[in-house]
Amino acid sequence: MSEHDEGRADGCCGGRHHDEGQGCCGRHGCGGTGERDRIVLFVVGPLETNCYAYVSRGECLIVDPGNSGAKVAEHLPEGVTVRYLAATHGHGDHVGGVKALREAVGGRYVIHPADAELARHAGEPSETGRAYDDNAPEPDLTYEEGDVLELGSARFRVMETPGHTPGSVCLVGEGTATGVAFMGDTLFQGSCGRTDLTGGSPRDMSLSLARLKRELDPQTRLFCGHGEMTTMGEELASNPYLRS
Ligand SMILES: [Zn+2]
Ligand SMILES: [Zn+2]
């Protein structure tokens, strides 16, 4: 995490909280079953990548541990069992912290097979000249279109959205995670992921964006790989990349 982010991580458990779903009280530290699902945000690394912890009934999915894995581990909500470390794609700023975080908290590292090799080089300078903490390890699992990650009472379905990279995915919430989606670098508030890096494809990106338009409910809250959270409805109304 950058120094700015370490400051933020001095709070109760390391990030901003978003309470999800219908729970008994939703208060921080409630503990046990029946508490609301929640999302904790960590902003990590030089590109200020959003790493998210989604917690449901004491089980946790971590999305895009891009750097500073040991620090993210220190600031996870107490007592959670980490089920998955999921990468939305293989760029170093999304997987550079996988190794250290998995060593600290366990969980299975999962990525789309088309991006696994890219992730193995996260700790080496990329074509943009940046390197992150560590190369990502061998995946424990790979996921593809339609696969589902389960944790607590939440599920996340894999939607393949190539364009930024060949193995980019969005994770679309179901169960108590209904209305939440992790977007990686496919769609941002007011923008979309770049397609000019190796493996990028403007044509695939436009097909993926068209698919998001068709399939995501406007109410869906979008947790993007960089920048602010938004909703599909807001993006449909204002994002120029969703106009065509
Ligand atoms: Zn990326
Ligand atoms: Zn990124």
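Numbering of ligands and ligand atoms starts at 1, following listing order.
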- request: Report yes if some heavy atom in the side chain of Leu222 is under 4.5 Å from a heavy atom in the side chain of Met229; otherwise report no.
  value: no
task: For atom CD of Glu127, decide whether the heavy atoms of other residues, nucleotides or ligands shown that lie under 6.0 angstrom number more than 12.
output: yes
message: Salt bridge or not between Arg157 and Glu174? Use side-chain N to carboxylate O under 4.0 Å.
response: yes
message: Check Arg57 with Asp37, please: is the shortest side-chain N to carboxylate O separation under 4.0 Å?
response: no
message: Classify the ring geometry of His91 against His164: parallel below 30°, tilted from 30° to 60°, perpendicular beyond 60°.
response: perpendicular
task: May I ask you to check whether Glu160 and His112 show a side-chain donor-acceptor distance below 3.5 Å?
output: yes
query: Which atoms of the protein, restricted to N, O or S, are nearer than 2.8 Å to the Zn ion (ligand 2)?
result: Asp93 OD2, His94 NE2, Asp185 OD2, His226 NE2
